[in-house]
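The first residue in the sequence is number 1, and the count goes up from there. Quantities reported herein were computed from a predicted structural model and do not represent experimental measurements.
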Amino acid sequence: MIRKTLFATSLLSATLLAATACSAQPAAAGKPFKETVVADFESPWAMTFLPDARMLVTEKKGQMLLVSADGKSRQTIATVTVDSAGQGGLMDVVLAPDFATSQRVYFSYSTTGEGGKGVVLARGQLSIPVCVQAPCDFARLENITELYRARPFVEGNGHYSGRIAFSPDGKYLFFTNGERQKFTPAQDPKGTLGKVLRLTLDGKPAPGNPLAAKGFAPEVWSYGHRNLLGIAFDSQGNLWEQEMGPKGGDEVNLIKPGLNYGWPNASNGSHYDGRDIPDHKPGDGYEPPKVSWNPVISPGGLMIYSGAMFPQWKGDAFIGGLSSQSLVRVDLNGTSAAKGDQWDMGARIREVEQGPDGAIWVLEDGGDSQGRLIKLTAK
């Protein structure tokens, strides 16, 4: 485990008016929710809510922001040195299971190193001093420590993945490593590319992982994945993951320990040059997806809804659509899944999160906006 501080924490934080004032818009035809633009960011990647309804938002170039609940003020709490070329940048951000006492924040980013580039897992401690007299813009992310690096580092700027989820008991961290557009590493037992990893909260391989005795890297939980941009547990403890397929074949998978999900030997899509890839079929030794798309939706973030604002969707999965410029709902029923709604959002959706009041929040990833934060509420 690598435990040295790598980044400069920004002390130049300032309270700013959001670039886009809050503006409610009527629900479009066919959309069962109202859209309210809350803020606008520079290429945002992920977000998470603090207990007091404020948000942490990451931006591609390396800024982590603390944003007020209404979006009207923000401050930079850390500036992380990242390699932001291509699909790289500052990526996921998730609160520790014991955040209420530890104030720890876990995040991921891409960087350069021996052999090329790769994705890193890190954590820091959020410091928000007591404010005696406004304005009080002292918040910062301190004690930033690198915990884990995907291996090997390789050349290229794509398929880092870098999504984070904690087990329901709070003891383990699941971390996604994309296959970096290199195909075969997803099947290589010695590396972590194209894998779901199970780690301790300090970034070490978790004890009892299912494939270590078979000669795999000891942190590997499942393998045969492509570009895993969403991972989340449901209320029953099932672990769900979504990933981008090639030309067709975007997937939602139920992740089980030790299983091989097929990439690049099996996919419901084809290579971009038109060459066929064998579809998933019974008896091929690969775990098939629960849902797949062709044409693709280009899935971004993944959230499993548990709120009360939209009771008809409780327990369902929500996915951001990048190239499809959509918000996608997937019906989850135990260990089964089926396609639900797909709403046209008019912009690439990178992230989906549930707010404290049960509203659904989405982050755009370009188009006509730099990256708007939009709150979806019941009509």
Side-chain angles (χ1 to χ4, degrees), residues 30-31 43 45-46 60 86-89 91-92 156-163 176-183 185-186 193-194 196 222 224-232 240-255 261-281 286-304 316-332 337-352 362-368 371:
K31 291 183 183 178
S43 298
W45 208 97
K60 179 178 169 65
Q87 296 175 16
M91 298 174 182
D92 209 2
N157 300 318
H159 294 190
Y160 292 101
S161 297
R163 284 292 186 175
T176 68
N177 284 190
E179 45 75 90
R180 301 286 278 105
Q181 298 177 312
K182 305 300 182 185
F183 302 94
L193 306 186
V196 175
S222 66
H225 299 288
R226 191 170 182 265
N227 189 19
L228 317 84
L229 288 174
I231 189 167
W240 296 91
E241 171 264 351
Q242 53 85 344
E243 64 188 79
M244 288 189 178
K247 186 178 180 181
D250 289 346
E251 298 180 354
V252 167
N253 292 299
L254 177 63
I255 299 300
Y261 287 78
W263 181 255
N265 301 331
S267 172
N268 292 344
S270 301
H271 290 291
Y272 288 109
D273 62 8
R275 287 179 296 125
D276 183 54
I277 303 171
D279 287 350
H280 286 274
K281 60 181 181 294
Y286 305 122
E287 184 70 8
K290 296 296 183 180
V291 179
S292 65
W293 286 266
N294 194 348
V296 299
I297 58 170
S298 299
L302 172 68
M303 175 270 285
I304 297 177
D316 288 347
F318 285 81
I319 298 171
L322 292 165
S323 68
S324 60
Q325 298 190 353
S326 63
L327 176 64
V328 177
R329 184 180 65 84
V330 175
D331 285 303
L332 299 185
K339 293 178 183 177
D341 299 291
Q342 182 169 329
W343 296 287
D344 181 6
M345 301 299 291
R348 291 163 55 89
I349 303 300
R350 167 64 65 180
E351 172 76 310
V352 188
V362 299
L363 274 174
E364 294 178 344
D365 181 40
D368 294 334

Closest contact, heavy atoms only, Pro289 versus Ser292: CG-CB, 4.2 Å
Ignoring hydrogens and angles, tell me if any N or O in the side chain of Ser161 forms a donor-acceptor pair with the backbone of Asn227 under 3.5 Å. no
When rounded to the nearest 0.5 angstrom, what is the spacing between NZ in Lys31 and CG in Asp341? 12.5 Å
Between Asp250, Val328, Val330, which is the residue that forms a side chain to side chain contact (heavy atoms under 4.5 Å, CB included) with Val291? Val330
Within the structure provided, determine whether Leu229 and Met244 are in side-chain contact (heavy-atom separation under 4.5 Å). yes
Would you sort out whether His159 and Phe183 count as a ring pair (Phe, Tyr, Trp, His ring centres under 6.0 Å), showing the intermediate values? CA-CA 10 Å; His159 294 190; Phe183 302 94; 8.5 Å; no
Working to the nearest 0.5 Å, report the span between CG of Leu228 and CZ of Arg226. 10.5 Å
The complete set of salt bridge (Lys or Arg N to Asp or Glu O under 4.0 Å) pairs with one or both residues in residues 268-279, sequence neighbours excluded, reads Asp273-Arg275
With sequence neighbours excluded, what pairs up with Asp344 under the salt bridge (charged side-chain N to carboxylate O under 4.0 Å, His left out) test? none
In this structure, OH of Tyr160 is separated from CE of Met91 (nearest 0.5 Å) by 6.5 Å
Is Glu243 salt-bridged to Arg163, going by a charged N under 4.0 Å from an acidic O? no
Students often mix this up, so state it plainly: with edges at 30° and 60°, are the rings of Tyr261 and His225 parallel, tilted or perpendicular? parallel
Arg350: salt bridge (charged side-chain N to carboxylate O under 4.0 Å, His left out) partners, not counting sequence neighbours: Asp365
With the side chain counted from C-beta on, respond yes when Ile277 and Trp263 share a heavy-atom pair under 4.5 Å apart, and no when they do not. yes
Find out whether Glu351 and Ile349 are in side-chain contact, i.e. whether some heavy atom of one side chain is under 4.5 Å from a heavy atom of the other. no
Would you check if Ile231 and Trp240 make a side-chain contact, meaning some heavy-atom pair closer than 4.5 Å? no
Smallest heavy-atom separation, Ile255 atom then Ser222 atom, equals CG2-OG, 3.6 Å
Do Asn268 and Asn294 come close enough that some side-chain heavy atom pair is under 4.5 Å? no
Output yes when a side-chain donor or acceptor of Glu251 lies under 3.5 Å from a complementary backbone atom of Asn253, and no otherwise. no
Considering only heavy atoms from C-beta outward, does the side chain of Leu332 approach that of Ile304 to under 4.5 Å? yes
So CZ of Phe318 and CG of Leu327: to nearest 0.5 Å the spacing works out to 6.5 Å
Please give me the minimum heavy-atom distance between Pro246 and Val296, naming the atom from each residue. O-CG1, 3.9 Å
Side chain proximity check, Leu302 to Glu241, heavy atoms < 4.5 angstrom: no
Enter the distance from Trp293:CH2 to Gln342:CD here, rounded to the nearest 0.5 Å. 8.5 Å
To the nearest 0.5 Å, tell me how far Asp92 CG sits from Thr176 OG1. 8.0 Å
Donor + acceptor pair across side chains of Asn157, Gln87 (<3.5 Å): no
Shortest non-hydrogen contact from Tyr272 toward Gly245: OH-O, 4.0 Å
